Protein chains: 2
Amino acid sequence: MSNTKVLPLLEPEVSETVAPCCPPLTERPFTAEEAETAARMFKALGDPVRLRLFSAVASHEGGEACVCDISDVGVSQPTVSHHLKKLKDAGLLTSERRGTWVYYRVEPSVLAAMGKLLTIAPAAA
Amino acid sequence: MSNTKVLPLLEPEVSETVAPCCPPLTERPFTAEEAETAARMFKALGDPVRLRLFSAVASHEGGEACVCDISDVGVSQPTVSHHLKKLKDAGLLTSERRGTWVYYRVEPSVLAAMGKLLTIAPAAA
DNA sequence: CATCTATGTTGACATACGTCGAACCAAGTC
DNA sequence: GACTTGGTTCGACGTATGTCAACATAGATG
């Protein structure tokens with residue numbers, strides 16, 4: 001623990017947690033398992049503060065943002081940290097410490113997956 | 001309160017509650033107000049049971065389903081009714097009684113609105 | 001090493017939420 | 001009218017959630 005850098009973490013552990021989820025909501029009734037998976041993602045975005053944090057990160061230049069850049073959402077700093085952790089646990093964000101600051105970035109595959117869920121009619125029957 | 005019928009309620013109060021919401025999450029940081037609105041919808045889908053019910057209705061023939069057709073999700077009937085009410089309050093479903101049965105149908109504009117929220121890059125800058 | 005700044009973690013608290021059984025309402029049937 | 005079936009509402013219960021203040025940790029800096 002002297003010179004080991006914390007950097008990359010290139011393992012795709014996060015992406016495989018969330019990317020392959022479920023068919024569009026309109027295609028067929030969700031199974032219990034699919035519903036559990038998908039609900040976890042929706043739930044993570046089901047809080048105004050988390051939604052603002054997520055949007056702040058997602059819209060930030062380079063697709064990533066330092067906590068210090070986005071923590072102005074009207075709640076205390078511990079609360080911000082708490083919500084960022086939840087978003088991370090849900091697989092929506094990843095974090096990385098670079099020097100003094102911690103940067104969060106969105107997991108793009110998740111947005112795509114959730115977007116597909118809400119597709120009206122993906123394949124004309 | 002003697003002969004006033006409860007029937008139609010044709011006012012488009014529901015649709016205007018949810019349809020025009022917010023820009024894509026990736027476009028700019030959400031305001032507090034936008035976050036409130038959008039979070040309400042995500043929250044409604046943030047429960048496995050509700051997600052199954054919603055999916056069941058959305059995927060049902062004709063875009064609508066009787067409660068009796070979709071209430072097999074592992075919880076009691078009052079709980080099903082409770083969740084359907086929540087989905088309705090969130091503007092995701094509408095209900096209508098036809099004779100003995102009550103039919104729920106999805107509000108299509110909502111799916112579209114939420115789908116847009118999750119768009120990665122709607123307009124190439 | 002002392003110390004300062006930036007984040008995360010813990011513990012406590014009030015509130016919201018999901019769930020059920022019981023009671024209730026609405027239509028249809030006898 | 002009484003009984004049956006479908007659905008909602010009510011009241012209660014346990015658990016999860018959002019929030020904060022206080023404390024802990026990680027780097028940077030002198």
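Reminder, nothing fancy here: chain letters follow the sequence lines and each chain counts from 1. In this text, all values refer to a predicted model and were calculated from it rather than measured experimentally. Just so it is clear, the values below take in all heavy atoms, side chains as well, and ignore hydrogens, waters and symmetry mates.
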If I take atom [atom1] in residue [X] and atom [atom2] in nucleotide [N], what distance separates them, rounded to the nearest angstrom?
X	N	atom1	atom2	value
A/L87	C/dT7	CG	P	16 Å
A/R40	D/dT17	CZ	C1'	17 Å
A/L84	C/dT7	CG	P	10 Å
B/E96	D/dG7	CD	C1'	15 Å
A/K85	D/dC20	NZ	P	19 Å
B/L51	C/dC17	CG	P	17 Å
B/D89	C/dC17	CG	C1'	14 Å

Should [X] and [Y] count as an ion pair when the cut-off is N to O under 4.0 Å?
X	Y	result
A/R28	A/E34	yes
B/R98	B/E64	yes
B/E36	B/K43	no

Once you apply a heavy-atom cut-off of 4.0 Å, does A/H82 come out as touching a base, just sugar-phosphate, or nothing?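 Counting heavy atoms under 4.0 Å across all strands, the contact made by A/H82 includes a base.
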Quick one: label A/Y103 by what it contacts on the DNA or RNA (base, sugar-phosphate, nothing), any heavy atom closer than 4.0 Å.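 Since no nucleic acid heavy atom lies under 4.0 Å of A/Y103, the category is nothing.
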Selected nucleotide, minimal atom distance to [X] side chain, candidates [options]:
X	options	value
B/W101	D/dC20, C/dC20, D/dG7	D/dG7
B/D47	C/dG18, C/dG8, D/dC20	C/dG18
B/S81	C/dG8, D/dT8, C/dT19	D/dT8
A/K86	D/dG18, D/dT19, D/dT8	D/dG18
A/V102	D/dT9, C/dG8, D/dT19	C/dG8
A/T79	C/dG8, D/dT8, D/dC20	D/dC20

4.5 Å side-chain heavy-atom contact, [X] and [Y]:
X	Y	value
A/K88	A/S95	yes
B/L117	A/L45	no
B/E107	B/L93	no

With sugar-phosphate taken as primed atoms, P, OP1 and OP2 and all else as base, the protein-contact string of nucleotides 22-30 of chain C at under 4.0 Å (heavy atoms; B, S, -) is B----SS--
Under 4.0 Å from OP1 or OP2 of [N]: is there any side-chain N or O of [X] that close?
X	N	answer
A/Y104	C/dA6	no
B/H83	C/dT19	yes
B/K43	C/dC17	yes

Interatomic spacing from NE2 in B/H83 to CZ in B/R50 - rounded to 0.5 Å: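 Rounded to the nearest 0.5 Å, the NE2-CZ separation comes out at 5.5 Å.
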Working to the nearest 0.5 Å, report the span between CG of B/L92 and CG of B/L111.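 Answer for the CG-CG pair, B/L92 versus B/L111, is 7.5 Å.
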Quiz item: B/Q77 side-chain donor-acceptor pair to D/dG6 base, under 3.5 Å: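 No, the side chain and the base share no sub-3.5 Å donor-acceptor pair.
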